[in-house]
Amino acid sequence: MVVIPYPGRGHINPMMNLCKLMALRRTINFLITVVVTEEWLGFLEPEPRPTNLRFATIPNVIPSELNRGADFTGFFNSTQTKLEEPVEQLLRRMEVPISVIIYDNYLIWVWNIGSRMNIPVASVFTMPATVFSMCYHYRLLVENCHAGDNFSGNMEEIIDYIPGVPPFRVCDLVTIFNGKGKEVKPATLQAVSMATKAQFLLFVSIYELEPRVIDALRSELSIPVYVIGPAIPYFSLNDVSNDQNTPDYVKWLDRQPPDSVLYISQGSFLSVSDAQLEEIISGIHDSGVRYLWIARGETNRFKCENDEKGLVIPWCDQLRVLCHSSVGAFWSHCGWSSTKEGAFSGVPMLAFPIFFDQVPTSKMIVEDWKTGRRVSTQEGILVTREEISKLVKSFMNKESEDGKEMRKHAKEVESICRQATAEGGSAQIDLDLFIRDISKS
Ligand SMILES: O=c1ccn([C@@H]2O[C@H](COP(=O)(O)OP(=O)(O)O[C@H]3O[C@H](CO)[C@@H](O)[C@H](O)[C@H]3O)[C@@H](O)[C@H]2O)c(=O)[nH]1
């Protein structure tokens with residue numbers, strides 16, 4: 001089995017978790033080879049992995065992961081044009097026969113390699129199934145003037161015709177149609193269309209959280225669709241009880257009162273504008289709420305002492321942090337992995353999407369699951385420090401009636417995620433079905 005992830009943290013993480021989950025299943029009899037660039041091997045190699053899971057590398061033919069966010073489109077385009085040749089050469093040199101290629105939906109060219117080498121391909125969509133469906137039904141959006149050249153411009157109109165997707169406003173669409181990231185719309189639509197011609201389609205989602213849209217896709221598509229669970233590292237959570245080297249941020253969390261800390265993260269590579277970041281920093285400080293903040297390379301912009309009130313660090317083991325009893329809420333950009341980690345941990349979320357799928361995901365969190373609030377209600381308008389301070393204070397207040405209601409929903413969603421990923425749950429069943437089906441192919 002050869003696995004080809006899109007070379008970005010938000011894509012590699014779910015793909016690696018999928019690989020580890022498969023490698024650990026009793027039913028598996030494959031050697032799994034994950035193809036990454038040499039740079040990515042350096043990031044991934046130190047992590048423990050099952051013996052039937054190995055890496056193979058290609059040279060660093062694309063820009064570095066370390067400043068990927070600086071030119072999203074340029075990076076994306078390089079993944080479309082620079083990787084195919086070295087990957088195909090590597091696959092043709094592989095010493096074991098390849099039964100199936102599992103690839104990230106956005107690497108459209110893998111489909112062509114599979115076809116040339118006569119190997120079945122499985123497409124993995126690392127965003128919500130809801131977003132896949134929005135892209136798959138783009139034609140309906142154009143027909144209804146909610147996207148495309150005849151778009152009416154009314155962002156408040158309701159869209160209620162995407163099969164299985166609960167009604168939503170035009171402004172909740174994936175932003176590449178009418179907002180940020182339009183440059184990658186053609187490639188995204190093509191990738192989704194090609195995925196429907198793969199032999200298998202996998203969603204790293206929880207069936208029970210998007211059931212109707214998944215049912216609708218299953219009845220529309222002619223290929224098998226598997227919903228293999230969140231693909232977050234829940235299977236390694238228990239390992240930390242024997243952790244000899246507890247990180248300092250976990251020791252800091254250990255000293256905080258239950259549910260008192262707001263965990264703040266914008267994922268692996270995107271940022272809000274400098275002006276907005278200033279407002280968020282001041283607003284959080286003014287609120288007096290305890291926080292643990294992931295600043296990646298920007299820790300020096302925070303100009304604050306790390307103390308008992310707050311901690312700013314470059315990176316953490318996010319799922320472990322979210323599951324800590326001191327964490328009471330998650331300020332998130334609503335990347336799909338972060339959202340699933342928040343859902344699995346049962347914490348309510350303050351949704352501050354930046355672009356792409358994060359916008360429809362924030363709608364699901366706030367309106368469908370009812371486990372969060374929006375920080376900003378209008379794209380592109382600066383949210384002031386006063387608004388942020390007020391919102392954060394009320395969000396962290398456990399006694400308010402709507403806060404209690406939201407926490408109750410968050411616990412229900414947690415329970416759904418834990419059941420789906422337990423033995424016999426929907427995610428495990430689909431993963432075993434996928435392994436069975438590729439073994440036959
Ligand atoms: O301190 C940290 C912060 C983040 N993470 C991990 O980094 C990943 C972040 O992934 P995600 O939440 O999906 O965000 P992005 O990195 O922004 O992911 C990109 O890819 C996703 C999957 O396609 C999309 O949903 C997002 O919109 C897109 O920005 C997750 O696994 C987190 O656990 C850590 O381990 N430690």
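First listed ligand is number 1; within each ligand, the first listed atom is number 1. Note that the structure is predicted; figures quoted are calculated from it, not measured.
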Is a salt bridge present between [X] and [Y], judged by a nitrogen-to-oxygen distance below 4.0 Å?
X    : Y    : result
R9   : E65  : no
D215 : R212 : no
R374 : E367 : yes

### Query
Does an N or O anywhere in R9 fall below 3.5 Å from an N or O of ligand 1?
no

#### Entry: Contact (N/O only, under 3.5 Å) between T339 and ligand 1
no

### Query
Hey, what's the ring geometry for Y6 with H11, parallel, tilted or perpendicular (30° and 60° as the breaks)?
tilted

### Task
Take the angle between the ring planes of F434 and F200 and call it parallel below 30°, perpendicular above 60°, tilted in between.
perpendicular

### Query
Got a sec: does the CZ of R418 have more than 12 other heavy atoms crowding it under 6.0 Å?
yes

Residue [X] vicinity, atoms of ligand 1 by number, heavy atom under 4.0 Å:
X    : result
N13  : 6 (C), 7 (O), 8 (C), 30 (C), 31 (O)
Q358 : 26 (C), 27 (O), 28 (C), 29 (O)
S338 : 11 (P), 12 (O)
H11  : 20 (O), 23 (O)

Would you mind checking which non-hydrogen protein atom is closest to [atom], with the distance to 0.1 Å?
atom                    : result
atom 21 (C) of ligand 1 : G10 O, 4.0 Å
atom 13 (O) of ligand 1 : S337 N, 3.1 Å
atom 27 (O) of ligand 1 : D357 OD1, 2.6 Å
atom 16 (O) of ligand 1 : S268 OG, 2.4 Å
atom 34 (C) of ligand 1 : W315 CZ2, 3.2 Å
atom 14 (O) of ligand 1 : H333 NE2, 3.1 Å
atom 36 (N) of ligand 1 : C316 O, 2.7 Å
atom 33 (O) of ligand 1 : E341 OE1, 2.8 Å

### Summary
Tightest non-hydrogen contact, residues A427 and T421, listed as CB-CA, 4.3 Å

### Task
Apply side-chain contact (heavy atoms from CB on, under 4.5 Å) to Q276 and I280, showing your working.
CA-CA 6 Å; Q276 185 61 77; I280 300 174; 3.7 Å; yes

### Message
Between D317 and P247, is there a side-chain heavy-atom distance shorter than 4.5 Å?
### Response
no

### D430 side chain near Y207 side chain, heavy-atom distance below 4.5 Å
no

### Task
Apply the test side chain to side chain donor-acceptor pair (under 3.5 Å) to residues H324 and D254: give CA-CA distance (whole Å), side-chain angles for both, the deciding distance (0.1 Å), then the verdict.
CA-CA 8 Å; H324 194 287; D254 290 343; 2.7 Å; yes

#### Entry: Nearest option to atom 3 (C) of ligand 1, as decided by whichever heavy atom of M127, Q266, Q318 sits closest
Q318

### Task
Decide whether the shortest distance between a heavy atom of F356 and an atom of ligand 1 is less than 4.0 Å.
no

### Task
Specify side chain, backbone, both or neither for I294, according to which of its non-hydrogen atoms lie closer than 4.0 Å to ligand 1.
side chain

